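Single-structure report; data block below.
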Number of protein chains: 2
Amino acid sequence: MVSIADVARDAGVSSSTVSYVLSGKRSISSETQRRVEASIHRLGYHPHAGARALASSRTSVLALIMPLRTDIDVPVLMGFVNSVVTTARNYDYDVLLLTNDEGPAGLRRVADSAMADALLLMDVEDEDSRVPVLQSLSCPGVLIGLPNDPGDLSCVDLDFSAAAKRCVRHLADLGHEQVALIGPSPVVYERGTSFAGRFLRGFTSAARERGLHATSQACLPSYEGVRDCLDRILTEQPRLTGLVVHNEAVLDPLLSELHSRDMRIPEDISVVAVTPDEMAANRSVPLTTVSLPSEDIGRIAVEMTMRELQGVRSPEVRLLSPRLTPARSTAQRH
Amino acid sequence: MVSIADVARDAGVSSSTVSYVLSGKRSISSETQRRVEASIHRLGYHPHAGARALASSRTSVLALIMPLRTDIDVPVLMGFVNSVVTTARNYDYDVLLLTNDEGPAGLRRVADSAMADALLLMDVEDEDSRVPVLQSLSCPGVLIGLPNDPGDLSCVDLDFSAAAKRCVRHLADLGHEQVALIGPSPVVYERGTSFAGRFLRGFTSAARERGLHATSQACLPSYEGVRDCLDRILTEQPRLTGLVVHNEAVLDPLLSELHSRDMRIPEDISVVAVTPDEMAANRSVPLTTVSLPSEDIGRIAVEMTMRELQGVRSPEVRLLSPRLTPARSTAQRH
DNA sequence: TTGAAAGCGGTACCAA
DNA sequence: TTGGTACCGCTTTCAA
């Protein structure tokens with residue numbers, strides 16, 4: 001292994017000089033600088049991460065805690081992960097990926113053993129037991145999602161309440177009076193997943209505000225689930241003309257089910273969905289969507305973390321404004 | 001921060017004794033053992049990862065290198081990641097997640113700076129430039145996938161060649177004589193992605209072996225892509241009765257396109273697909289599938305790594321046998 | 001069965 | 001502008 005001492009010897013300087021060349025924390029004559037850099041390059045020197053962490057109390061690692069669920073939207077999750085890792089590298093950070101199956105104790109383990117400089121949590125619940133633990137830790141934490149009480153933690157997420165309102169108003173503006181929400185799986189609601197509740201409340205309140213008749217149903221991610229869900233909705237609202245879908249996994253089954261019930265889109269029923277941009281275009285019908293910008297959210301989460309790590313303590317709840325892109329799946333009510 | 005010295009003081013022993021209690025590398029009187037463990041628990045002690053890495057030259061971290069692509073099967077990728085992380089934790093390892101956008105230099109950086117004890121690569125290409133680099137590194141590497149020349153690296157993957165043969169023989173056994181393969185995106189072939197070529201060769205060779213008329217087409221993951229692909233295939237084989245689909249992303253579009261062309265499954269055409277188990281059931285038609293066991297593959301990759309880390313140097317290419325599950329989408333040719 | 005102490009490879013303070 | 005060195009927290013050898 002090439003150590004800093006090897007570089008120092010090769011360049012004919014002391015090891016502290018090498019260290020300072022690397023960190024830029026004191027001025028170096030350009031001649032020395034050049035020689036040291038040449039030696040570093042020639043020897044292929046990479047500072048030992050553990051030694052550096054020990055001496056500096058900084059790891060240049062972010063810990064990302066990922067849900068280990070099957071009921072979750074995989075492409076969205078992957079979008080977060082990708083964008084967190086990519087953005088972190090732009091700041092010279094690496095990412096340690098943890099699953100949630102150690103629970104709050106996992107957070108403590110990682111922080112207390114100084115494996116990371118900060119923790120990012122995904123899949124936040126309304127009353128998330130990890131939140132108080134995270135606050136008690138010495139290292140910064142940032143949430144992707146919004147719990148009931150974020151305390152002094154920074155959060156970033158799509159403004160799901162505003163997103164739901166945007167969907168409802170879009171349908172209302174098109175003259176629809178009977179609308180329904182197809183939501184995530186029942187389990188997602190049951191465990192108090194933050195975004196699901198916020199969307200539902202936004203939906204309900206916007207519908208009331210515009211005087212629409214509105215119902216909502218959780219929906220299992222299967223063809224059968226979609227059929228049941230539609231049955232229940234249509235029983236209650238036989239004259240339904242507008243659907244808001246907050247469940248990426250059921251979109252294909254839903255479109256196919258509507259087709260086989262001879263409910264034409266948009267002539268008989270308008271559909272607006274929440275989904276990542278990449279997935280919106282490629283459907284049997286081009287969908288009007290509110291986009292779920294997982295890339296942006298991941299990037300912002302890292303940027304917030306970086307600010308905290310630079311000592312700027314300004315906890316912030318950042319809810320991104322929804323953007324609705326109209327397409328053929330929504331139209332004026334006939 | 002609670003250090004080993006704090007624990008030692010609290011328990012009235014030396015810090016080396018604490019270390020040995022933790023590692024179990026020498027015998028300890030049960031009384032001492034008890035006191036030390038009590039102190040550890042009471043103080044909430046976690047060894048400093050960096051210090052430990054520095055002193056022991058072991059990090060208890062695996063580096064997992066992930067492709068940063070949009071043309072890849074996200075659920076499969078996520079299956080690998082999940083199972084690698086989960087299995088690693090069972091061995092008391094954590095996982096550092098890297099993207100491939102640093103290229104081979106990224107591998108060198110991680111290994112040389114001693115951030116991980118071993119590297120796992122995903123999305124391996126036939127002639128993968130990372131493979132020689134990985135071999136030149138001091139730390140073990142395991143491939144998820146199979147390059148043309150794995151050298152002395154261990155590899156694990158589904159036996160895609162056998163999987164293709166399994167599909168073809170299934171159709172042949174049902175009396176089909178005109179079969180076609182719908183493969184991944186053209187780019188996947190172009191960059192020499194290992195599994196795509198192996199599947200294609202297996203398909204061709206099994207078809208020849210059974211005297212079937214067979215063609216194959218790469219397929220863009222969109223409705224339009226599927227239409228084009230079907231057009232090309234049916235032009236060449238108007239009497240096609242069997243389809244093998246090796247492209248998870250186009251399954252829904254394909255089923256819907258076949259439906260709108262009035263090609264009934266399985267009366268007019270039989271369909272067999274390669275896809276993760278979780279995804280097979282929930283289609284408009286229950287699909288006959290060869291399953292892509294991403295969980296198993298990830299787990300085995302970690303187990304191989306663990307063996308290498310314990311000094312057992314027995315490079316091994318492990319290709320998992322395909323398992324075909326018949327369902328309604330394939331039937332005797334009419 | 002246990003303790004003392006020499007590193008591991010950096011960082012950053014104190015001197016020069 | 002640079003060098004010397006104490007120290008970060010742990011592992012492991014050597015001695016008792």
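Predicted model only: the values in this text are computed from it and were never measured. Per chain, numbering begins at 1; letters A, B, ... match sequence-line order.
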Once you round it to whole Å, what is the distance between [atom2] of [N] and [atom1] of [X]?
X: A:Arg52; N: C:dT11; atom1: CZ; atom2: C1'; answer: 9 Å
X: B:His48; N: C:dC8; atom1: NE2; atom2: P; answer: 19 Å
X: A:Arg58; N: C:dG10; atom1: CZ; atom2: P; answer: 16 Å
X: A:Glu31; N: D:dT2; atom1: CD; atom2: C1'; answer: 14 Å
X: A:Met115; N: D:dC10; atom1: CE; atom2: C1'; answer: 15 Å
X: A:Tyr20; N: D:dT2; atom1: OH; atom2: C1'; answer: 10 Å
X: A:Leu22; N: C:dG10; atom1: CG; atom2: P; answer: 9 Å
X: A:Asp112; N: D:dC10; atom1: CG; atom2: C1'; answer: 16 Å

Counting only side-chain heavy atoms from C-beta out, which of [options] sits nearest to [X]?
X: A:Pro47; options: C:dG10, C:dT1, C:dG3; result: C:dG10
X: A:Ser19; options: C:dT11, C:dG3, D:dT1; result: C:dT11
X: A:Lys25; options: C:dG3, C:dA12, D:dC10; result: C:dA12
X: A:Ala55; options: C:dT1, C:dG9, C:dA4; result: C:dG9
X: A:Met1; options: D:dG9, D:dT11, C:dG9; result: C:dG9
X: A:Ser3; options: C:dC13, C:dG10, D:dG9; result: C:dG10

Margin query: Between A:Thr59 and A:Ala53 (side chain of the first, backbone of the second, donor and acceptor by atom type, cut-off under 3.5 Å), is there such a pair?
Written below: no
Item checked: Option passing side-chain contact (heavy atoms from CB on, under 4.5 Å) with A:Leu120 (candidates A:Ile65, A:Val156, A:Val302) -> A:Val302
Notebook entry, point to check: Looking at B:Val18, B:Ile4, B:Leu22, B:Val7, which hits side-chain contact (heavy atoms from CB on, under 4.5 Å) with B:Pro47?
Noted result: B:Leu22
Checklist line | Given DNA chain D, 5'-ward residue of the pair A:Ser27 and A:Ser16, judged by closest heavy atom | finding: A:Ser27
Note to self: Could you check whether B:Arg191 pairs with B:Asp123 (Lys NZ or Arg NE/NH1/NH2 to Asp/Glu carboxylate O, under 4.0 Å)?
What the structure shows: yes
Check: Do the side chain of B:Tyr45 and the base of D:dC10 come within less than 3.5 angstrom through a donor-acceptor pair of N or O atoms?
Finding: no
Checking all strands, does [X] fall into the base, sugar-phosphate, or nothing category for heavy-atom contacts under 4.0 angstrom?
X: B:Ser57; value: nothing
X: B:Thr32; value: sugar-phosphate
X: A:Val13; value: sugar-phosphate

Check: Is any side-chain heavy atom of A:Thr17 closer than 4.5 Å to a side-chain heavy atom of A:Arg35?
Finding: no
Check: D:dG3 phosphate, OP1 or OP2: any side-chain N/O from A:Ser14 under 4.0 angstrom?
Finding: yes
Checklist line | Taking every non-hydrogen atom, the tightest pair across B:Met66 and A:Val81 | finding: CE-CG1, 4.5 Å
Item checked: Contact nearer the 5' end of DNA chain C, comparing A:Arg26 with A:Ile4 -> A:Ile4
